[in-house]
Protein chains: 2
Amino acid sequence: MAQTRYRQIYNILKSRIQQGTYAIGDYLPSENELCKTYKITRTTARKALDELLKEGFIEKQHGKGSKVKERRQSLGLLTVKGFSEAVGENVRTIILQKPQILSWPKELPFPADENELNAPCIYFERLRCVGDVPVMTESNWFSAHGLNRFLDCEFVDGSFFKTLSRKYLIEVTGSEQELRALFADEKSAYLLKIEQGFPILRISIKFTTSKPDLNIYSYLYCNTEKYPIGNIYTH
Amino acid sequence: MAQTRYRQIYNILKSRIQQGTYAIGDYLPSENELCKTYKITRTTARKALDELLKEGFIEKQHGKGSKVKERRQSLGLLTVKGFSEAVGENVRTIILQKPQILSWPKELPFPADENELNAPCIYFERLRCVGDVPVMTESNWFSAHGLNRFLDCEFVDGSFFKTLSRKYLIEVTGSEQELRALFADEKSAYLLKIEQGFPILRISIKFTTSKPDLNIYSYLYCNTEKYPIGNIYTH
DNA sequence: TAGTGGTCTAGACCACGGT
DNA sequence: CCGTGGTCTAGACCACTAG
């Protein structure tokens, strides 16, 4: 078996959710139905559903079923309030540097895991704007291992994480972050169209994913003057 | 059965970890040992361990066992890295203003719920230091409704949230936050012993609690130069 | 009452880690 | 090699939801 059985079922269900076969609000087949359909036991069916639950695709209701949830597009745990969510339509993303192979930088936002550095490094850089106002620069590093043809492919809906999910079946499983208030340096000031020395927020992130040896390392430099970083959290 | 069996095992193991019976780095009894000890099957033992895993108490190693991990304590979702955790012993808290009844301010970090404003407002203010270095000021507002004798009582272990939990059985259930990089104003600069105009991080928080009509509103002003704000998150 | 998810038993085989 | 955790089977009883 190349994959575990529950992982196969998980993948089937996940892709059907993503393709809209099971739409938001729909109920997945019950655990017993899954057992019959795929000739598995409930333990295995439940394990597959548990994975979907962990990743926020479904919500379980005792006595009713497993309901497809609206996926909380969580950029780790940070969402930009009045930005990708609230502003919605008005958000623009400018690619400053398309994904390309670079050597690993001397310093990453967080120390990398050992194995990651064995593969080449992919780097890309974007600028996020609300209307015409640039509010955040974003630099991303990650290992190219297992991401075949990543450089050639277009982002799904312009989203990096959606691309990982849809094309490579990789989900973000967690993140570690660090926040720092800094004077804007020359580059940030130029990109964000502010004066050098203006206070900006730097967010250092390490995203962990469902793929071992794949973490995403990012720096976000944010002009929080008009668009502070919002962070919604429900326990 | 008042509780599920796996929850009982979970509680036993958790309290032993918290009390240090199983120290950081130790291995818990193996799944098979747990089966014998508590007369359960592996499914149940694994379910108990899975809960501990999810909450970050242990780490599982194939072929070796379940190892007790260093716990990342999440206060809401913000932890001060190299501060209440890492620095540990060296953290000091200075009460700038003891809890007292004030009128509600014109502006809170987030808009208050309607009913809260009917009761008086309790306010207190603290300064957090690492050693002799002040790193964060903290201002808190909340409704006095139902918090009898709050002004007279001492904080449990110096912790506001522990006090709410132990004395009033109120738990924090979630939070909403907003981050902003600012120039330090006169008051913050004075308290944090930095120059006015230095970049600092302001965190606005609304903590929701298990008590309806009780939210905690806070401003944190942080000097992130030496001690950036860390934020550990596992999905 | 029928169907759902939540818990639990009693086995089995496998892959990994260290001896 | 043995013990560990990872996966899986084939059942069982329970609590919850809804017609």
Side-chain angles (χ1 to χ4, degrees), chain A residues 1-14 16-17 22 24-69 113-115 169 171 173 208-213, chain B residues 1-14 16-17 22 24-69 234-235:
Chain A
M1 206 184 307
Q3 259 187 134
T4 56
R5 195 79 180 98
Y6 79 81
R7 198 75 197 171
Q8 292 173 15
I9 313 299
Y10 159 85
N11 281 330
I12 292 171
L13 295 174
K14 186 169 106 177
R16 291 199 183 155
I17 290 171
Y22 302 123
I24 291 167
D26 286 357
Y27 285 88
L28 295 187
S30 76
E31 297 177 354
N32 284 315
E33 280 177 306
L34 292 175
C35 293
K36 281 181 221 162
T37 307
Y38 299 107
K39 300 202 198 326
I40 53 180
T41 53
R42 263 188 75 204
T43 310
T44 307
R46 284 177 64 78
K47 180 81 175 155
L49 292 174
D50 276 352
E51 295 291 305
L52 292 172
L53 189 66
K54 249 198 299 191
E55 292 174 3
F57 285 101
I58 61 169
E59 153 185 21
K60 286 191 153 199
Q61 295 170 334
H62 196 167
K64 294 186 73 177
S66 301
K67 191 161 85 172
V68 177
K69 247 186 20 178
D113 296 354
E114 273 297 318
N115 295 331
L169 302 178
E171 304 299 328
T173 53
T208 56
T209 72
S210 51
K211 181 177 187 304
D213 302 328
Chain B
M1 207 185 305
Q3 259 185 132
T4 57
R5 195 79 181 97
Y6 79 81
R7 199 75 198 170
Q8 292 173 14
I9 313 299
Y10 158 86
N11 281 328
I12 292 170
L13 295 174
K14 186 169 108 176
R16 291 198 183 156
I17 290 171
Y22 302 123
I24 290 167
D26 286 357
Y27 286 89
L28 294 187
S30 77
E31 297 177 354
N32 284 316
E33 280 178 307
L34 291 175
C35 293
K36 281 181 220 159
T37 307
Y38 299 107
K39 299 201 196 330
I40 55 179
T41 54
R42 264 188 74 204
T43 310
T44 307
R46 285 178 63 78
K47 180 79 176 159
L49 293 174
D50 277 353
E51 295 292 304
L52 292 172
L53 189 66
K54 248 196 299 188
E55 292 175 6
F57 285 101
I58 62 169
E59 152 186 21
K60 287 192 152 198
Q61 295 170 335
H62 196 166
K64 294 186 74 179
S66 301
K67 191 160 85 172
V68 178
K69 245 184 26 174
T234 327
H235 223 53

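To find a chain, count down the sequence lines: A is the first, B the second, and so on, and within it residues start at 1. No experiment lies behind these values; they were computed from the predicted model shown.
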Gap between atom [atom2] of [Y] and atom [atom1] of [X] - 0.5 Å precision:
X	Y	atom1	atom2	value
A/Leu53	A/Glu59	CG	CD	9.0 Å
B/Ile17	B/Ser66	CD1	OG	9.0 Å
B/Phe57	B/Lys14	CZ	NZ	5.0 Å

Whole-Å distance between [N] [atom2] and [X] [atom1]?
X	N	atom1	atom2	answer
B/Ile40	C/dT9	CD1	C1'	11 Å
B/Leu52	D/dG5	CG	C1'	15 Å
A/Gln3	C/dC14	CD	C1'	17 Å
A/Lys47	C/dG6	NZ	P	15 Å
B/Gln8	C/dT7	CD	C1'	12 Å
A/Leu34	D/dT9	CG	C1'	16 Å
B/His62	D/dG3	NE2	P	16 Å
B/Lys67	D/dG5	NZ	C1'	15 Å

Test A/Ile58 against every option in A/Leu49, A/Leu13, A/Asp50 by the side chain to side chain contact (heavy atoms under 4.5 Å, CB included) rule and name the one that passes. A/Leu49
Using heavy atoms to find the nearest nucleotide of DNA chain C for A/Thr43 and A/Pro29 separately, return the residue whose nucleotide is more 5′. A/Pro29
DNA chain D: A/Thr44 or A/Gly63, which has the more 5' nearest nucleotide?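 It is A/Thr44 whose nearest nucleotide is closer to the 5' end.
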Toward the 5' end of DNA chain D, which comes first, A/Arg7 or B/Glu33, by nearest nucleotide? B/Glu33
Within the 4.0 Å heavy-atom criterion, would you say B/Lys39 contacts the bases, only the backbone, or no part of the nucleic acid? sugar-phosphate
Using a 4.0 Å heavy-atom cut-off, does B/Leu49 contact any base of the nucleic acid, only the sugar-phosphate backbone, or nothing at all?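 Here B/Leu49 touches no strand at all.
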Knowing that exactly one of B/Lys47, B/Lys64, B/Arg46 qualifies, which makes a salt bridge (Lys or Arg N to Asp or Glu O under 4.0 Å) with B/Glu31? B/Arg46
Nearest of D/dT9, D/dG6, C/dG5 to any side-chain atom of B/Lys60? D/dG6
Please name the nucleotide paired to C/dC16 by Watson-Crick or G-U wobble geometry with both distances under 3.5 Å, or report none.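 Pair assignment: C/dC16 / D/dG3.
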Assess whether one donor atom and one acceptor atom, taken from the side chain of B/Arg42 and the base of D/dG6, lie less than 3.5 Å apart. yes
Establish, with yes or no, whether the OP1 or OP2 oxygen of [N] is under 4.0 angstrom from a side-chain nitrogen or oxygen of [X].
X	N	result
B/Tyr6	C/dC8	no
A/Arg46	C/dG6	yes
A/Ser30	C/dT4	yes
A/Lys64	D/dA18	yes

